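Heads up: the structure comes next, in C-alpha cells.
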2 protein chains.
Amino acid sequence: MTPNVLAAKEALAHLDLDEKPASVKAKSRDFFWYSPILKSRLDHLVGDFVVAPKSEAEVIEVLKTCYEHDVPVTTRGAGTGNYGQAIPLSGGCVLHMRHMNKVVDIQPGRVIVQPGAILREMDQEIIEKSGQEIRMFSSTYATATVGGFIAGGSGGVGSVRWGQLRDLGNIIRLRVVTMEAEPRVLEFTGEELHRVSHAYGTNGIITEIELPLAPAYDWVDVLVGFDDFMEGAAWAEDLGNQDGILTKLITPIDAPLPHDYFLRIKNRIRREQSVVIVMVAPHAMDAFMTFTARTKSAEIIYRSDKVTPEEKKAFGVAYEYAWNHTTLRGLRVDPSITYLQARYTQPGALEQVKLLRETFGDEVVQHLEGIRMNGKLSFAGLPVVRYTTDERLEEIVKIHEDLGIWIFNPHRYTLEEGGRQAADDRQLQFKREADPKGLLNPGKMITWDRPDFDYRTVYDYAGMRKPG
Amino acid sequence: MTPNVLAAKEALAHLDLDEKPASVKAKSRDFFWYSPILKSRLDHLVGDFVVAPKSEAEVIEVLKTCYEHDVPVTTRGAGTGNYGQAIPLSGGCVLHMRHMNKVVDIQPGRVIVQPGAILREMDQEIIEKSGQEIRMFSSTYATATVGGFIAGGSGGVGSVRWGQLRDLGNIIRLRVVTMEAEPRVLEFTGEELHRVSHAYGTNGIITEIELPLAPAYDWVDVLVGFDDFMEGAAWAEDLGNQDGILTKLITPIDAPLPHDYFLRIKNRIRREQSVVIVMVAPHAMDAFMTFTARTKSAEIIYRSDKVTPEEKKAFGVAYEYAWNHTTLRGLRVDPSITYLQARYTQPGALEQVKLLRETFGDEVVQHLEGIRMNGKLSFAGLPVVRYTTDERLEEIVKIHEDLGIWIFNPHRYTLEEGGRQAADDRQLQFKREADPKGLLNPGKMITWDRPDFDYRTVYDYAGMRKPG
Ligand SMILES: Cc1cc2nc3c(=O)[nH]c(=O)nc-3n(C[C@H](O)[C@H](O)[C@H](O)COP(=O)(O)OP(=O)(O)OC[C@H]3O[C@@H](n4cnc5c(N)ncnc54)[C@H](O)[C@@H]3O)c2cc1C
Ligand SMILES: Cc1cc2nc3c(=O)[nH]c(=O)nc-3n(C[C@H](O)[C@H](O)[C@H](O)COP(=O)(O)OP(=O)(O)OC[C@H]3O[C@@H](n4cnc5c(N)ncnc54)[C@H](O)[C@@H]3O)c2cc1C
C-alpha cells in the first residue's frame with residue numbers, strides 16, 4: 001500500500017491546502033520535546049501537506065480522497081499534546097481543524113461546539129452568552145482546541161470537582177466521521193463515547209462535540225505557602241474534601257520549584273517554601289479563609305481578589321502555573337529537566353508521595369494535582385525529574401510502578417504505553433470498523449499493528465519515516 | 001423571675017399581635033407529634049401570645065420589651081420541625097417571622113434573604129431572576145421558612161452534593177439580634193456562624209441570611225426499582241460517587257414502604273420492590289441512564305421527563321417522597337409508626353444497614369438518604385419504626401448507638417439530646433452573651449440549665465408548664 005500523495009493533493013487543491021515546507025513542518029509538531037526520549041525519536045518527522053477543512057462536508061471529502069489514495073491522515077488541533085499525539089509518523093496529510101471553531105448551540109447545562117474551537121475563546125463566548133462555563137480544561141486553555149482536548153487530553157482545571165474527561169457525564173455526545181471509501185457520520189453517546197475520546201484520532205475524526213456546562217464564576221486565584229510540603233498536601237486533600245467549599249483547582253508543588261520556576265512571583269516565595277495553588281469561587285472565599293485559618297502554618301501568599309490590577313496582571317492566571325504549565329515554566333529556567341505523569345492510588349496517595357520524596361530526594365520533585373476520583377479528592381502527579389540518562393528515567397518509572405503507582409508515560413508516543421499499558425478493545429474494535437486501511441494517525445495504536453506486543457519492552461513503530 | 005405577660009402585650013399592642021386562643025395554640029405547635037414520646041410530653045403546651053414583626057426594628061422592640069418584662073420568646077418560622085423546636089415550653093411570646101420574607105439581593109453565587117421567606121417561594125424568585133437556586137432545602141420546601149431551616153434543620157435535598165448546613169461554605173452570613181436590655185445586632189461569618197445556626201433560636205434571633213447559590217436546573221425525578229434493597233443501596237452509593245453525574249437527591253427506601261406508603265404511584269411498584277428516588281440534572285440524564293444500564297437488576301419505574309403532564313401531576317415531586325416526607329406518607333397510612341434519625345459511619349455505612357435489617361426485620365424498615373460527607377457519598381437514615389412501647393423505642397435507639405451509629409434522637413426536645421449528646425460550647429458561650437436572662441426558647445439547651453446533666457438519662461425541663 002503505497003500512498004499517492006500527489007494525487008491526493010491534486011484532488012484537494014480547491015480546499016485550504018498548505019504545502020510550504022516551513023509551515024507543514026510547524027504543523028507536524030507538538031510539545032513532544034518535553035521528553036528527551038521522544039525528542040530524539042520524533043524530531044525529524046513531518047507530514048506531506050496540511051489541509052484545513054471548513055465544514056464536515058470538507059472533512060468527508062479529505063478522508064474519502066486520502067482513503068482512495070492510501071494517504072495517512074493525522075488530525076491536528078493546536079498541537080499542544082506532550083505525547084507526540086499529533087505527529088504524523090508516516091507523513092501524509094495533516095488535517096488541521098482550525099476553521100471548524102464555532103459554538104453551535106448553548107443550553108442550560110450543555111453546549112455544542114465544533115472541534116477546532118480554542119478552549120478559552122469558546123468558553124468566553126459561552127460565559128458571555130449564558131453565565132455558564134465548561135466543567136474542565138487543560139491548562140493550555142488559551143491555545144488548545146476542544147477537539148484536541150477530547151481526543152488527546154485527560155482533564156485538568158476543574159477535575160478537582162468533576163473528575164476527568166473519561167468519567168461518565170463529562171462528555172455528552174461526539175459526532176465522528178470514519179475513514180472509508182464512503183465515510184460515514186456517526187453519533188456517539190453513553191458507553192460508545194469511549195471509542196473515540198482519548199483515541200488520538202486513530203479511528204475517526206470528531207466533527208462536533210456536546211459538553212456539559214457548570215455555572216461560571218469569577219474564580220479567585222490563591223497561592224498558599226507551607227514550610228512543610230507534606231503538610232501542604234494534607235491541607236490540600238482536606239480542602240478538596242470540604243463539600244461546601246467550591247474550588248476549581250488544587251495544586252500542591254514542592255520546594256524549591258515555586259521559587260525557582262515561578263519567576264513572576266519569585267520574590268514573594270521563599271526558596272524552601274512549598275505552595276498550593278487554588279482556584280476558589282468568590283462566594284466560597286469566606287469559608288475558604290475560615291478553613292485555612294485553622295491550619296496555623298498556612299500562609300496566604302497571593303489572592304487575586306485583594307491585589308491591584310497591576311499585581312494581578314503581573315501574576316497572570318493561576319492555571320498557567322498548574323498542570324503541565326508547571327513543567328513548562330521549569331523548562332524555561334532549566335531545559336535539562338523532564339517530568340512524569342502519575343496517578344497515585346486512593347486511599348494512600350500521600351503515603352506514596354512521602355515515600356517517593358524519601359526515595360528520590362532532589363532527583364524527582366513533587367508536583368501534585370488534585371483530581372476527584374470516585375467522590376473523594378485524589379492526586380495525579382506531574383513530578384519534575386532531573387534528567388540524566390534514558391536508562392535512569394526508565395528506572396525511575398519502574399520504581400513508581402513497583403509501588404503500584406500508574407505511570408501514564410509521557411516518554412512514549414503510543415496510546416497504550418501512554419495509557420494503561422493494555423489494549424483498549426473498544427477503541428480497537430471501532431478502528432476495525434472505521435479505518436479499515438489503518439490510515440488514521442498510523443503507529444499510535446500498538447494493538448492495531450502488533451496485537452502480541454510485550455509491554456515490558458519499548459514499542460518502535462515499523463512504519464515510521466526514517467530521518468533524512 | 002416572674003414574667004409579666006400582660007405588660008409585654010400592652011407594650012406591643014401596636015404591632016401585629018394575636019392572642020386568639022385557637023390561633024395562639026396553632027402557632028405554638030410543630031410536627032413534634034411524629035414522636036409518640038414527644039406527643040405525650042408536649043401536647044398541652046401553648047404560648048401566651050403571638051407577635052409577628054415586620055422589620056428588624058420591630059424584632060428589636062419585641063425582644064427589648066420581653067426582656068424588660070421577663071417574658072420568654074420562642075421564635076417560629078412555619079412550625080414544621082419534628083423535635084418540638086418551636087414549642088414554647090414555658091409560655092410567653094411566640095415571635096412569628098412570616099412578615100419578614102423578602103429576597104433582599106441576588107448576586108452570582110449568593111443571595112441575601114429575610115428569615116421568614118418560605119423556601120420554595122424565595123427559591124422560585126431567585127431562579128426566575130438569576131437562573132440560580134439554593135444549594136439545599138428540607139423536603140418541607142413548600143411550607144418551611146429559611147430561618148427555621150437554618151435554626152432548626154440540618155440539610156436535605158441537595159445534601160447529596162453539598163453536604164449539610166453545618167459544613168463550611170453552606171451558610172455565608174447570618175445577622176442576629178440579641179435578647180438584652182438594649183438588643184444588639186451582630187453579623188456572623190466563618191467560625192462564628194455555628195453559634196446560632198441550628199441553635200433553635202435559643203441565643204439570638206436571625207434577621208438576615210446570606211446563602212450560596214448553585215445553578216438552577218429543571219431536575220428530572222426518577223424512581224429506580226430493585227428487588228434487593230441492599231443492591232439498590234449499593235447502586236445508590238456508586239451513583240453518588242460518580243463525579244461527572246450531577247444529582248440532587250438519592251434516597252433508597254426498603255420494601256414494602258414504597259408500595260404501601262406511596263399511594264400516588266402504588267400501582268407501579270410491586271410490594272416486594274425497594275426503590276431509589278433520584279433527582280438528576282437534565283444534561284446528566286444520558287450518563288445516568290448509561291450508568292444505570294450497567295446494573296441489570298435496576299428498573300426505571302418513573303422518570304419525569306418521559307411522562308405526560310397528567311402523569312407528572314399525579315406523581316408530584318420526588319423530594320416530597322424523601323427525607324421526612326417518607327415518614328409523613330407512612331403516618332397517613334399507618335399512624336402507629338414512628339421513626340429515627342441516624343447517621344451511619346463512613347466507610348461501612350451499608351454494612352451497618354445490612355446488620356440493622358437482619359437485627360430488626362420488619363420492626364425497623366430502612367429509609368436512607370445520601371449525603372456527602374468529607375467528599376464521599378455517605379448515608380443518613382430515617383428508618384420507619386413500628387412503635388410498640390416507649391421502652392422498646394429506647395432500646396432500639398440503644399442498639400443503634402451500640403453499633404457506633406449516631407442517633408439524632410427525634411424523641412427529645414433539647415438541642416443536645418437531638419444532636420450529639422454533648423454541650424456545644426460555642427452555642428452556650430454565645431447564649432451567655434446574648435440572652436443573659438435565659439428567655440430565648442427556654443428549656444431547649446440543657447447545658448444552660450443543667451451543666452452537669454447525665455446524658456444516659458432523659459432530660460425533663462423543670463420550667464415546663466404543667467398540663468391543664
Ligand atoms: C503547557 C502544557 C500544559 C498542558 N496541560 C494539560 C492539562 O492540564 N490537561 C491535559 O489533559 N492536557 C494538558 N496538556 C496536553 C495538551 O495541551 C492537551 O491535551 C490539549 O488539550 C490538546 O489540544 P490540542 O488542540 O493542542 O490537540 P493536539 O495536540 O493538536 O491533538 C491532540 C490529539 O488529538 C487528536 N485530535 C485533535 N483534534 C481531533 C479531532 N477533531 N478528531 C479526532 N482527533 C483529534 C490529534 O490527532 C492528537 O492525537 C498540556 C500541554 C502543554 C504543552
Ligand atoms: C414532612 C417533613 C419533612 C422534613 N424534612 C426535612 C429535611 O429534609 N431536612 C431538614 O433539615 N428538616 C426537615 N424537616 C424538619 C423541618 O421541616 C425543617 O427543619 C424546617 O426547615 C423547619 O422550618 P420551619 O420554618 O418550619 O421552622 P420552625 O419549625 O418554625 O422552627 C425551627 C426552629 O428554628 C427556630 N427559628 C425559626 N426561625 C428563627 C429565626 N429567624 N431566628 C432564630 N431561630 C429561629 C425555631 O425557634 C425552632 O427552634 C422536615 C419536617 C417535616 C414535617
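Quick caveat, the model's predicted, so the values are computed rather than measured. By convention in this document, chain letters (A, B, ...) are assigned in the order of the sequence lines, proteins followed by strands, and residues within each chain are numbered from 1.
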Which atom names give the shortest non-hydrogen contact between [X] and [Y], and what distance separates them?
X: B:G244; Y: A:R135; result: O-NH1, 2.8 Å
X: B:R110; Y: A:P282; result: NH2-O, 3.4 Å
X: A:P108; Y: B:Y217; result: C-CE2, 4.3 Å

Sort A:R294 into side chain, backbone, both or neither according to what part of it lies under 4.5 angstrom from a heavy atom of chain B. side chain

I need the [X] [atom1] to [Y] [atom2] distance, nearest 0.5 Å.
X: A:F291; Y: B:D167; atom1: CZ; atom2: CG; answer: 12.0 Å
X: B:I172; Y: A:H283; atom1: CD1; atom2: NE2; answer: 6.5 Å
X: B:E210; Y: A:D286; atom1: CD; atom2: CG; answer: 8.0 Å
X: B:Q242; Y: A:N170; atom1: CD; atom2: CG; answer: 10.0 Å

Which of [options] touches chain B most, by non-hydrogen pairs under 4.5 Å:
options: A:P215, A:G190, A:G163; result: A:P215
options: A:Q107, A:M373, A:R173; result: A:M373
options: A:G109, A:A287, A:G240, A:S159; result: A:G109
options: A:Q164, A:M289, A:E191; result: A:E191

By a 4.5 Å heavy-atom criterion (distance strictly below it), what part of B:L213 contacts chain A: side chain, backbone, both, or neither? backbone

Contacting region of B:L377 [heavy-atom separation from chain A under 4.5 Å]: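 B:L377 has no heavy atom closer than 4.5 Å to chain A.
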
Side-chain heavy-atom pair A:K376, B:N374 within 4.5 angstrom cut-off: yes

Considering only heavy atoms from C-beta outward, does the side chain of B:I245 approach that of A:W162 to under 4.5 Å?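 Answer no - side chains too far apart.
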
So for atom CZ, which belongs to B:R420, do other residues, nucleotides or ligands contribute more than 12 heavy atoms lying within a distance under 6.0 Å?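 Check passes, neighbour count above 12.
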
Chain A: which of B:G375, B:A284, B:G169, B:A281 shares the most heavy-atom pairs with it under 4.5 Å?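 The candidate making the most pairs under 4.5 Å is B:G375.
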
